[in-house]
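Convention: sequence-line order gives letters A, B, ...; per-chain numbering from 1.
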2 protein chains.
Amino acid sequence: MTQAVRISRQFSLRAVLEAIVQNAPISRASIAKQTGLSKQTISEVMRQLEDEGWVSETGRTSGHIGRTAVTYEIVPSAAYIVAVDLGGTKVRVAVCDLVCRVLSEVTEPTHAEGGRAVIEQIARLTGEAAAQGGVDPTRLRIAVVGVPGAPQPDTGRVLLAPNIVGFDSFDVAAALEQALGFEAMLENDVNLAVLGESWLGVGQGLDNLAYIALGTGVGSGLMVNGQLVRGAANAAGELGFLPFGADPFEPESLRAGAFERQVASYGMVTRYRALAGFDATVPAIFERANAGEPHARAVLEDTARLLARGIGAIAAITNPDKVILGGSIGSRTELVERVKAVLPSCFPYPVAVEASELGNHAALVGATAIGLSHLHNTVFGAGTPESRISLPPANAVSMREALQ
Amino acid sequence: MTQAVRISRQFSLRAVLEAIVQNAPISRASIAKQTGLSKQTISEVMRQLEDEGWVSETGRTSGHIGRTAVTYEIVPSAAYIVAVDLGGTKVRVAVCDLVCRVLSEVTEPTHAEGGRAVIEQIARLTGEAAAQGGVDPTRLRIAVVGVPGAPQPDTGRVLLAPNIVGFDSFDVAAALEQALGFEAMLENDVNLAVLGESWLGVGQGLDNLAYIALGTGVGSGLMVNGQLVRGAANAAGELGFLPFGADPFEPESLRAGAFERQVASYGMVTRYRALAGFDATVPAIFERANAGEPHARAVLEDTARLLARGIGAIAAITNPDKVILGGSIGSRTELVERVKAVLPSCFPYPVAVEASELGNHAALVGATAIGLSHLHNTVFGAGTPESRISLPPANAVSMREALQ
DNA sequence: TAATAGTTCGTTCGCTGACCGAACTAACTA
DNA sequence: TAGTTAGTTCGGTCAGCGAACGAACTATTA
């Protein structure tokens, strides 16, 4: 079989598929116009896609001048994606179809034993989710797992993941594929979050985004030129180690991170204790601040100033279109508003700041996005260079509602 | 004429050309092996390239078993590139051929009037450089101009360029193309520097790099996934506004930048005056520090600690393979060594730090790199998606020596 | 020294597969 | 019925391939 000819055919296949994905029910004539390919070619390609079960006729146009056209759509059940959000405390597994409908979602506390026990758990939950959604398990094509750490593509291990025991000591990706019986990918959860927001959240249409997840710890996901930034050792986004907040030259800062120590929950609690003389949880601090308590307000104010400086650091280095705030602390309106107010007094040009829209489902959406585009790439684009992610437009996707 | 077929042909053209560029004198059979295309196809493509004047026979192999092979190389004079490093005080114009030989280089103080006068100056210097290098001016294909500011691709203006008067008020790119008579591109000079170092300097083979230029001011260039990071408004790398060093909430920091005020020359001079009680220039401070004067050493030490924090900020956010230090202050060994020594005490995992190798020619090399890959893209790849930059390997390039 | 075996280079030939333009039929509205 | 759009059929172009083969060389052997 030829080689370059093949490549060129897959070019067309992808172009056609992209047109269908982006414009929901669409006729062959319209596809021809959009892609620039001729009508005959489109008919041929469509026949192939229909034979292989990827698309099907779903209706006809009417009401306009001229012959009515047959419209086609993706067959949602042609393949399924498993999106997994693996946290230190909870595992969430969702099964989605090709038009991004969430067919089922199951959540469970993360197996405390860590390591291979968690792999087993994910495999079991995947089976349950498939059954619950009425999905033929053999149609599951790929699993994307968001993990709180730095997955190494070469070894399959996950570094910097203190919340999940043992993931740095064996090939997690391989073990997952083994347990599931199909392809599996690992990705940092904050990276997935930024991807999710850029697809269906507040980052739609933006090529340069930052996502800051602030809660117990702090981390960031970065999208530059439409691509995820993973860094040399997959350690990009270790925002906790920004060299300000606490004194970065204190030895303790090498362990916990100068920025993280001050901006994340531990820092807030500590500062509150210093001011008020007694302990309070983070939610309690927010509550007290809302009730007008000055100490709590001061703590929030300080946190906002520090977070603003973190945003300033990101903006100075990478100049994103928008910075999205997420995590249990970062997404709270009280904090976001304070950050917005204070940012102009420590950074010279305007930076768009917004709370995460997808909340704690951002990673799940991002996992679906990766799974979907990876499917498109592997099924229709083997051999062609990695291309921009092509996903259905937000308005055609029922995922957002399903997950809210 | 067909469409996708054309794309596929250009795929082959580019693959073939890439093989030739990367492996200097090469036979058709070897190209076939490398590209995976068949021998006949290669012969055909080579015939076309030779007809169009891009490559030519340059020898034959011998000594090995089997028939001798004819080897081909790029015709260096098929097109020329103009690389311009436009600084606030000096303009440097170099003319290079397709194998990256520098045929001539001219330098002049930047026209003080700024604006269109500088455009005229560049055009004149280009003419002079071409004449001096014996280059037919009609063979000049593209000019790449490094500017100390943020060129806007849409309007062609250059923002944030206080050192060149008036570049923010007219379409500089268009004016340049008009004055030169061929294609012209603008790019931030630090971005070019990082590109240059990644091609022929200390960043060879690395996909994630940061370049910090420290002198009168401070700026950074970032390469992520092998691509330049320009940011949303082409304002990535405005490192001076990192929110530490001076108090970021001081109003003055909004103008001059909290980090820049302390780390760049102004900060060093000020700190020295505070300690020693009299003024000294930056070179003088270095000299005194080398002579053992404690105040000067303290100033250097402080600068190194601050710069280390800047590097830490970049590493925390983007995790580059290496951070390259350049600029009149940043490239001094005394400082680089101090930074290397202090970095581990404010950042937890190791970061490779090195002085710029190409020095003040980094931008010029980077400009050539962009010009070269842009030529490849436009001549052989119109319509194909932007691809990775493909440049001759460092050992095949005489540019490094020529510019030292 | 000459023949021959083995290797690699490069071409010729015939074929396939992707795609197009033009001409056509089909189906609809005004 | 005229005009418009959808989709098919037909014939042709072009990139590229595989196989076979001649060309050019080295190594080996008689």
*Asks:* Taking for each residue the nucleotide of DNA chain D with the nearest heavy atom, is it A/Ser27 or A/Ile65 whose nucleotide lies nearer the 5' end?
*Replies:* A/Ile65

*Asks:* Does the base of D/dG16 carry an N or O that pairs as donor and acceptor with the side chain of B/Gln40 under 3.5 Å?
*Replies:*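 In this structure, the two groups form no donor-acceptor pair.
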
*Asks:* Could you pull out the closest heavy-atom pair between B/Leu13 and B/Gln48, with the gap in Å?
*Replies:* CD1-NE2, 4.1 Å

*Asks:* How long is the line joining CG of A/Leu37 and P of D/dG7, in whole Å?
*Replies:* 15 Å

*Asks:* How do A/Val70 and B/Glu44 order along DNA chain D: which one's closest nucleotide is nearer the 5' end?
*Replies:*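 With A/Val70 and B/Glu44 compared, the 5'-side residue is A/Val70.
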
*Asks:* May I have the distance from B/Glu57 (atom CD) to C/dC9 (atom C1'), rounded to whole angstrom?
*Replies:* 13 Å

*Asks:* Ignoring hydrogens and angles, tell me if any N or O in the side chain of B/Asp171 forms a donor-acceptor pair with the backbone of B/Leu176 under 3.5 Å.
*Replies:*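 Absent.
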
*Asks:* Rounding to a whole Å, what distance do you find between B/Lys39:NZ and D/dA15:C1'?
*Replies:* 19 Å

*Asks:* Using 0.5 Å steps for rounding, measure from the CD1 atom of B/Ile81 to the CD1 atom of B/Ile142.
*Replies:* 7.5 Å

*Asks:* Between A/Arg47 (CZ) and D/dA6 (C1'), how many Å, whole number?
*Replies:* 14 Å

*Asks:* Using atom types as modelled and distance alone, determine if a side-chain donor or acceptor of A/Gln204 lies under 3.5 Å from a backbone N or O of A/Gly201.
*Replies:*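 Answer holds: yes.
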
*Asks:* Quick one: is D/dA15 close enough that its OP1 or OP2 comes under 4.0 Å of any side-chain N or O from B/Ser12?
*Replies:* no

*Asks:* Can you tell which of D/dA24, C/dC19, C/dC28 lies closest to the side chain of B/Thr68?
*Replies:* D/dA24

*Asks:* Do side-chain atoms of B/Asn234 reach the backbone of B/Pro151 as a donor and acceptor pair under 3.5 angstrom?
*Replies:*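 The answer is yes, because a donor-acceptor pair under 3.5 Å joins these two groups.
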
*Asks:* Can a donor-acceptor pair under 3.5 Å be found between the side-chain atoms of A/Arg67 and the base atoms of D/dA6?
*Replies:*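 For A/Arg67, whose side chain was compared with the base of D/dA6, there is a donor-acceptor pair (under 3.5 Å).
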
*Asks:* Think A/Ser43 has a side-chain N or O under 4.0 angstrom from the OP1 or OP2 of D/dT8?
*Replies:*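 Yes, because at least one side-chain N or O of A/Ser43 sits under 4.0 Å from OP1 or OP2 of D/dT8.
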
*Asks:* Round to the nearest Å and state the distance from A/Ile31 atom CD1 to D/dT5 atom P.
*Replies:*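 So the two atoms are 18 Å apart, to the nearest Å.
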
*Asks:* In whole Å, what is the span from the CE atom of B/Met46 to the P atom of D/dG16?
*Replies:* 14 Å

*Asks:* Would you tell me if any nitrogen or oxygen in the side chain of A/Arg28 comes within less than 4.0 Å of OP1 or OP2 on D/dG7?
*Replies:*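 Indeed, a polar side-chain atom of A/Arg28 lies that close.
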
*Asks:* Distance check needed: C/dT8 P versus B/Arg60 CZ, whole Å only.
*Replies:* 17 Å

*Asks:* Round to the nearest Å and state the distance from A/Glu50 atom CD to D/dG7 atom C1'.
*Replies:*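 Between C1' of D/dG7 and CD of A/Glu50: 14 Å.
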
*Asks:* I want to confirm an ordering. Mapping A/Ile42 and A/His64 to their closest nucleotides on DNA chain C, which one lands closer to the 5' end?
*Replies:* A/Ile42

*Asks:* Do the side-chain N or O atoms of A/Ser38 get closer than 4.0 angstrom to the phosphate oxygens (OP1, OP2) of C/dC20?
*Replies:* yes

*Asks:* Can you tell which of C/dC28, D/dA6, D/dC17 lies closest to the side chain of A/Ala29?
*Replies:* D/dA6

